[in-house]
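One structure is given below, encoded as structure tokens.
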Protein chains: 2
Amino acid sequence: MTGIRQLADYLDISIGTVSRALNGKADVNAETRRRVLEAAEKLGYVPNQSGRSLRKGSTGVVGFMMQTGPEINSQGDAFFMSVFDGVQTVLSRHKLDLVALLCSSNEDPYAYLQRTVARGFADAIILSATRRNDARFELLHRHNIPFISLGRSLTDVGQPWIDLDFEGMAEVAIERLVKAGHRDIGIIWPHGDLNLGYVFADRCREVLAEHGLTLNEDHIFRAKPSEAGGYAVAHEIASRSPRPSAIVLVNEILVTGLYKGFEDAGVKPGKDIAIIGRYSPQAQYLSPALTCFTLSLRDLGISLAEHLLSVIPDYQSHYVGQTSRVIWPMTLIEGTSG
Amino acid sequence: MTGIRQLADYLDISIGTVSRALNGKADVNAETRRRVLEAAEKLGYVPNQSGRSLRKGSTGVVGFMMQTGPEINSQGDAFFMSVFDGVQTVLSRHKLDLVALLCSSNEDPYAYLQRTVARGFADAIILSATRRNDARFELLHRHNIPFISLGRSLTDVGQPWIDLDFEGMAEVAIERLVKAGHRDIGIIWPHGDLNLGYVFADRCREVLAEHGLTLNEDHIFRAKPSEAGGYAVAHEIASRSPRPSAIVLVNEILVTGLYKGFEDAGVKPGKDIAIIGRYSPQAQYLSPALTCFTLSLRDLGISLAEHLLSVIPDYQSHYVGQTSRVIWPMTLIEGTSG
DNA sequence: ACTGCTTCCGAAAACGATTACGGTCTTATA
DNA sequence: TATAAGACCGTAATCGTTTTCGGAAGCAGT
């Protein structure tokens, strides 16, 4: 490992000068700076993370917290990988690195986050899979850590957030189904206590009411966030009587199982039951193609990063004037399922 | 932020004693230790990561390197999340944390890794998506960083690795298809320069040869690792004449598109063309159900972590006698696709 | 009372970087 | 020429830990 000491010895100058040269400080001779940069490149010098962050009090890394385990958030990994990519394009411009903070499925997320922030691991945090009431918000607020969340929560400590437009999705989906003649529309509730379930269901109720319809509470179905969960809930829906003539779901990772479950139960998707969901890579390759809502995940990531930077004191000058709460629009892809 | 200083002042003892008490060193009075533990809990003290790792020369974190972007590795969906979960159950027993090192799609993976290790970010690394020749191995070896890879490579620096048994998969799949009467079997090559493509294809050739058959080089198809890629390659396969009567693929993230592509081309999967692939959450919910190879991802993660620990000096005592190279078996799930 | 042995704890030196401060050397100006 | 200003660089403090070393206190044995 070559440290700043070795580099300084090699160049026969002091470590102070080396550091200043590398960090672009003003008071260093142009020629000296050139030599330092060159030598650093040649010797493969990279400042030690611990030393630097101990001194500076910041680490230069942004953490994206997510939970591991077979039953992941409401999204698949392809979802996050795309979002990450967007986040990174912004962060890299500021020499910030993104790492995923992986909370094990058998550790309490709150405790995990507490441990992570107390250790000073990341300068800023991105939260996802926000719950109806999410204590993590208060934790980060209390520790004064800049953060943003992908998803709203009833808990609000004034932080920025970006959330998908589940209300808009509810409006468009319900309108579309009502227009097509459906009178009994069911929904599939996302698992756990995710806030988006409430947001979505509430808006569905409102829109239905505008048409003189109601959301049958018996037609709010619960499903595990997996293909198997989709298969199971399809059977449950199929066996109900009365059975809803259409289903809207906000979770995209169970739709293949759902289709198969309906088919096996003798209920043809798109014919016997209309289905509207969220985009997933498989969505358009199902038969019938899923009518679904999509968005640019990369752009979402970019926005997430920009809004995050706007609340980090050292960077916010670049991103003033950003709105702090964003409802991210989704667009409808018309399939033949509903 | 409460540091060790505050804690020591609060207890009116020296920071040295506090540190020793917290780290379970021998020479500290039982009563003193109790008081320290209690106060640490009360004040919410957690040792600062930077200070600690600067002194100790190790960070207590293991990095799992992966590339971000919409076209992820060779794996889809819940794959990594499940592996992570296994890795963590082992690491957490040693108070090690797992983070995902996210290499942006527009940064060179080698440069990224170099930067990361030089910074001293992680004590050990897990690599995935190994290439035919993978310079990252030499890099880590040179820097003397303990690591393991999920996947083999021609590049070998004596590190442990675990790889899925693609050769066994080739054997079982080819035998099965030959037994069913297939004489012209095609394969879909995974994208890029992943080593597994070579391993798999080579073994396919050998097994076919044992039956007096050959792998038609024109029937080795290339596909982008996405559902769209699956759709496209299905059309390409369908339009060939002669057309293979069976297809084996090692990439699981394009199978829905593949099915749909075949159907749209008028080639019925499982009837007009046999398909054998890798398990994915959707596999069993396709029609016909995919005949595929599966494994316990969580167990794979556990093994990965154990073998990694066996090459980290401070931990290896716990895991001696581990074989250093593992071919991880997969089991066949009989579907009706082939 | 002296020595030797424990047991416990404090003092202080690391770890590798950044940065405030001050010193030296050059150059410009009176 | 003397002096002030500016450019450049070295010294040393600092961040929060861990860990080595040695000292103090207590006790037992002679």
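Chain A is the first sequence line, chain B the second, and so forth, proteins listed ahead of strands; every chain is numbered from 1.
Under 4.0 angstrom from either OP1 or OP2 of dT18(D) there lies at least one side-chain N or O belonging to Asn23(B). Of the side-chain N and O atoms in Tyr45(A), one or more sit less than 4.0 angstrom from OP1 or OP2 of dA17(C). For the OP1/OP2 pair of dC8(D) and a distance below 4.0 Å, the side-chain nitrogens and oxygens of Thr32(A) include no atom meeting the criterion. In this model, the phosphate group of dA17(C) is not approached by any side-chain N or O of Lys56(A) to a distance below 4.0 Å at OP1 or OP2.
Side chain of Asp27(B), nearest nucleotide from dT19(D), dT19(C), dC9(C): dC9(C). Nearest to the side-chain atoms of Ile13(A) among the listed nucleotides dA17(C), dG10(D), dT19(D) stands dG10(D). The listed nucleotides are dT17(D), dC9(D), dG16(C); the one nearest the side chain of Thr17(A) is dC9(D). Taking the side chain of Leu54(A) as heavy atoms from C-beta on, and the options dG16(D), dC8(D), dT19(C), the nearest nucleotide is dG16(D).
Considering Phe147(B), Tyr110(B), Trp161(B) in turn, Phe147(B) is the only one that fulfils the ring pair (Phe, Tyr, Trp, His ring centres under 6.0 Å) rule with Phe137(B).
Judged by distance alone, the side chains of Gln88(B) and Thr68(A) do bring a donor and an acceptor atom under 3.5 Å apart.
When heavy atoms are screened at a 4.0 angstrom cut-off, Asn48(A) is found touching the sugar-phosphate backbone but no base atom. Among the protein residues, Ser50(A) comes within range of no part of the nucleic acid, since none of its heavy atoms lies under 4.0 Å from any strand.
Taken from OG in Ser19(A) to CZ in Arg52(A), the straight-line distance is 7.5 Å, to the nearest 0.5 Å. Arg325(B) contributes atom CZ, which lies 5.5 Å from atom CD of Gln159(B) (distance to the nearest 0.5 angstrom).
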